[in-house]
Amino acid sequence: MDSATKDTATRILDAAERLFVEHGFEATSLRTITQQAEVNLAAVNYHFGSKDALFQAVLVRRLAPLNQQCVAELDVLEKSGAPITVEGVLMTFIRPCLALSKDPNRGGAMFVRLLSRTFVENHRLIRDTLPQQYSEFVNRYSKAFSRVLPGLKLEELAWRLHLAFGLMFNAFAGNDVLKIFVKSDIVSARDPDTVVRHMIPFVIAGLTNPATQS
């Protein structure tokens, strides 16, 4: 891919990412994306083929390296020979997410907000496409949490992971709902390090709570 072609595709991806965060998938038109990216519709069709394919490309360019980093951290943990804990497994996911949220060159907080919004809106891409593309990530973390939470049945573990990951994505998204409860300019949920400090014990408590009786 030559530099001009890459530049056009990148401009389209960057514009789409911003607009999908601001307005959501359904409310964002290809026309608006082309205007923001300063390209014509033919360029979008040439590089991505459709709005769905563009949305997938926006997610994949950030998620693929993030997932690789998470799995790599999990590999290091599992090969270390040290006792593996719930917090240890959790941190192999949180550390790469924290690094991404601070790096605007990899999407930063804006991409994390997009990911959160995509999960909340339950886009069909989340249901149908991403689980197939990132089966290694899902399988590795499912097995890792099963090992450190052996007292949980499969269904209950799935529910806890669903709630835990949903909470983490939303917490990282920087939606400052905290302002509703604390009327102060000093307190903010937009600093990733502060979010992680308060989030980790909450998520661990939810994952490690004694199994519910069926």
Is [X] reaching over with its side chain to a backbone N or O of [Y], donor-acceptor style, under 3.5 angstrom?
X      : Y      : result
Tyr141 : Val89  : no
Asn209 : Ala205 : no
Thr34  : Asn40  : no
Ser142 : Asn139 : no
Thr28  : Gly24  : yes

Between [Y] and [X], is there a salt bridge with N-O shorter than 4.0 Å?
X     : Y     : answer
Arg18 : Glu22 : no
Lys79 : Asp75 : no
Glu26 : Lys51 : no
Asp14 : Arg61 : yes

Evaluation steps, salt bridge (Lys or Arg N to Asp or Glu O under 4.0 Å), between Glu78 and Lys143: CA-CA 11 Å; Glu78 292 178 339; Lys143 290 178 180 177; over 6 Å; no

For Phe202, I'd like to know if atom CZ has over 12 heavy atoms of other residues, nucleotides or ligands within 6.0 Å. no

How about CD on Gln35, more than 12 heavy atoms from neighbouring residues, nucleotides or ligands closer than 6.0 Å, or not? yes

May I ask you to check whether Tyr46 and Thr8 show a side-chain donor-acceptor distance below 3.5 Å? no

When the ring centroid of Phe55 is compared with that of Phe48, is the distance short of 6.0 Å? no

Would you call Ile200 and Met91 a side-chain contact if the rule is heavy atoms closer than 4.5 Å? yes

Of Val195, Val196, Val203, the one forming a side chain to side chain contact (heavy atoms under 4.5 Å, CB included) with Ile94 is Val196

Atom of [X], atom of [Y] and distance for their closest heavy-atom approach:
X     : Y     : answer
Leu66 : Cys97 : CD1-N, 3.9 Å
Thr92 : Leu77 : CG2-CD2, 3.9 Å
Asp7  : Arg11 : OD2-NH1, 2.7 Å
Gly88 : Thr85 : N-OG1, 3.0 Å

Supply the atom-to-atom distance Leu152 CG to Leu207 CG, rounded to the nearest 0.5 angstrom. 8.5 Å

